[in-house]
Amino acid sequence: MKILSVNAGSSSLKFQLYKMPEEKVLISGLMERIGMDNSFYTIKINGEKIKKEANLENHEKAFEVLVDELKSNNVIDSLNDIKAIGHRIVQGGDYFDKSVIIDDDVLSKIEELSALAPLHNPAAVTGIKAAKEVFPNAILTAVFDTAFHQTIPEENYLYALPYNWYTDYKVRKYGAHGTSHKFVSQRMNEILKRTDTKLITCHIGNGASISAVVNGKCVNTSMGLTPNAGLIMGTRCGDIDASIIPYIMQKTNMDTKQIDNAINKESGLLAISRKSSDSRDIEDGIKNGDKNCILAQKMYVRRIVDYIAKYYVEMNGCDAICFTAGIGENSADTRRDVIKELNVLGIYLDEDANNVRGKERLISTKDSKVQCYIIPTDEELMIARDTLELIK
Ligand code: AMP
């Protein structure tokens, strides 16, 4: 059976076609600059990467071009070969605690939640509507980035703010990257060969979040109402004193859009390093003795360690710490810096094992009290798995 995983952005469409249940990737790729001039796409098939220009005037057209590619590469014979399409949805609010088959009610709830994810949910809705047009017989499913975090208890998801902000405006912690935290924690339990585990999953990429997972269920996560909470990120500040916002707005006459831009796009590693939001550039800077990069990395690591320590205490111990996403999987330096700070808890790094990129591997020493692992994430596969479960 063939299942398509898609992630629709406002001008992009990322896709991966799986043969299920074998979990074999048949073709993957990315359509870019949809609805703009100079649109193009890249596809990866049989280890080969091909880039092509195409007039992708909207998401429907992008799906049509994708179908042509699937047919011309003999990946499908007809549209009906694709039984289901799983869509990544950033915000499911408190409506969705698991993946669901999309009907009119689900679609209208995703639309309604656009207020909480203005950059992401409207794009997903566009993607769903386009898929419906182009694949009229496929079952469409929604896989929410927030669903895995719906098991977080009230004391961890509420903010100590006027209570009617929660009841009237839905202000609470929803978290993000849930599909990744779920994938990584499930894989970790497979490796440990048990499900009664306490895990800390660190999804550290350009966006970054940490979750505490007990017996496969999320009990806390570092992102909040929006993905700008918790860790320091590429361009996002993460946790700050909330009163900084009105203070700076008053001082500078910034409006809400400008301040939102500053805390989401001009902060984080970029602001402190004064160089780049990309951790590879920060690492280069550190090698060259750049003081700002050294400071940025110190602050970055400090915040990760704060959250690991917090969740270690909250869960009353921990069986494994997992590193994933762009930095977690690839940056040996960041993993080393983090684990060094955890020595006080009896957690120790195996330097040789850590010297690797993007490979699933145990990186802690035999006598470390908590095992540390690199677990490469695969959100697209998680979408395909959830979709398969739903249509079975
Ligand atoms: P993601 O958002 O998961 O794609 O992660 C993007 C981040 O991963 C960027 O900060 C990249 O600099 C970082 N990253 C990717 N590859 C490496 C690498 N080889 N070493 C250090 N950081 C990396």
Side-chain angles (χ1 to χ4, degrees), residues 5 7 9 12 14-16 28-30 32 42 44 49 88 90 117 119-120 145 148 175-185 187 201-211 221-223 226-238 264-288 290 292-301 303-304 322-340 349 351 353-361 363 373-383:
S5 277
N7 183 356
S12 67
K14 198 173 165 196
F15 61 87
Q16 200 133 355
S28 64
L30 178 65
E32 292 183 71
T42 40
K44 231 165 111 180
K49 202 169 172 181
R88 179 195 180 205
V90 163
L119 296 179
H120 297 104
D145 259 9
F148 186 59
H177 297 142
T179 311
S180 175
H181 288 288
K182 181 176 167 186
F183 179 90
V184 169
S185 53
R187 178 67 198 133
T201 51
C202 309
H203 177 110
I204 313 172
N206 196 25
S209 63
I210 297 192
S211 291
T221 196
S222 60
M223 280 182 169
T226 76
N228 194 357
L231 304 180
I232 291 172
M233 300 172 229
T235 59
R236 290 174 230 161
C237 57
N264 280 292
K265 303 217 168 113
E266 296 169 356
S267 299
L269 286 177
L270 175 66
I272 305 301
S273 71
R274 282 158 269 178
K275 184 181 173 127
S276 171
S277 62
D278 191 304
S279 83
R280 284 165 290 203
D281 297 333
I282 307 289
E283 285 180 11
D284 286 346
I286 293 170
K287 280 183 197 115
N288 295 325
D290 183 320
N292 299 333
C293 289
I294 294 169
L295 177 62
Q297 178 73 357
K298 259 193 194 158
M299 290 171 64
Y300 187 78
V301 167
R303 188 74 60 84
I304 294 171
C322 317
F323 292 90
T324 197
I327 298 171
E329 291 170 28
N330 294 302
S331 172
D333 290 358
T334 300
R335 291 191 301 261
R336 184 202 56 225
D337 292 350
V338 167
I339 294 174
K340 211 160 134 196
L349 180 74
E351 294 270 359
N354 185 46
N355 200 7
V356 69
R357 284 189 202 290
K359 287 230 157 52
E360 184 178 290
R361 183 180 278 188
I363 55 167
Y373 273 87
I374 303 169
I375 308 273
T377 194
D378 196 337
E379 288 158 286
E380 289 78 19
L381 177 57
M382 196 73 242
I383 292 171

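Every number for a ligand or one of its atoms is a count from 1 in the order of the listing.
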T201 side chain vs C322 backbone, donor-acceptor pair below 3.5 Å: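 Not confirmed, T201 side chain does not pair with C322 backbone.
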side-chain hydrogen bond (donor to acceptor under 3.5 Å, both in side chains) partner of T179, the single match among D378, D145, T377, N7: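 The residue from D378, D145, T377, N7 that satisfies side-chain hydrogen bond (donor to acceptor under 3.5 Å, both in side chains) with T179 turns out to be D145.
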Regarding atom 21 (C) of ligand 1: of the candidates S279, G207, S277, G234, which has the closest heavy atom?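 Considering heavy atoms of S279, G207, S277, G234, the nearest to atom 21 (C) of ligand 1 sits in S279.
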Quick test of your reading of the structure: of N206, D281, T377, I327, whose heavy atom lies closest to atom 6 (C) of ligand 1?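 Considering heavy atoms of N206, D281, T377, I327, the nearest to atom 6 (C) of ligand 1 sits in N206.
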Have H181 and S209 got a donor and an acceptor in their side chains that come within less than 3.5 Å?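 The criterion, which ignores hydrogens and geometry beyond distance, is satisfied for S209 and H181.
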So that I can tick it off, tell me whether D333 and R336 are bridged by a salt bridge, with the cut-off set at under 4.0 angstrom between side-chain N and carboxylate O.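 The answer is yes: the pair qualifies as a salt bridge.
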Which ligand 1 atoms does G205 reach within 4.0 Å, using its non-hydrogen atoms?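 Selected atoms, number and element: 1 (P), 2 (O), 3 (O), 5 (O).
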For the pair H120 and R88, evaluate side chain to side chain contact (heavy atoms under 4.5 Å, CB included) and give the outcome as yes or no after the intermediate values. CA-CA 10 Å; H120 297 104; R88 179 195 180 205; 5.8 Å; no
Note the single closest protein heavy atom to [atom], along with its residue, its atom name and the distance in Å.
atom: atom 11 (C) of ligand 1; value: D278 OD1, 3.5 Å
atom: atom 19 (N) of ligand 1; value: R357 NH1, 2.8 Å
atom: atom 3 (O) of ligand 1; value: G326 N, 2.9 Å
atom: atom 17 (C) of ligand 1; value: N330 CB, 3.4 Å

Checking side chain to side chain donor-acceptor pair (under 3.5 Å) for the pair S273/Q297: CA distance, chi angles, key distance, verdict? CA-CA 8 Å; S273 71; Q297 178 73 357; over 6 Å; no
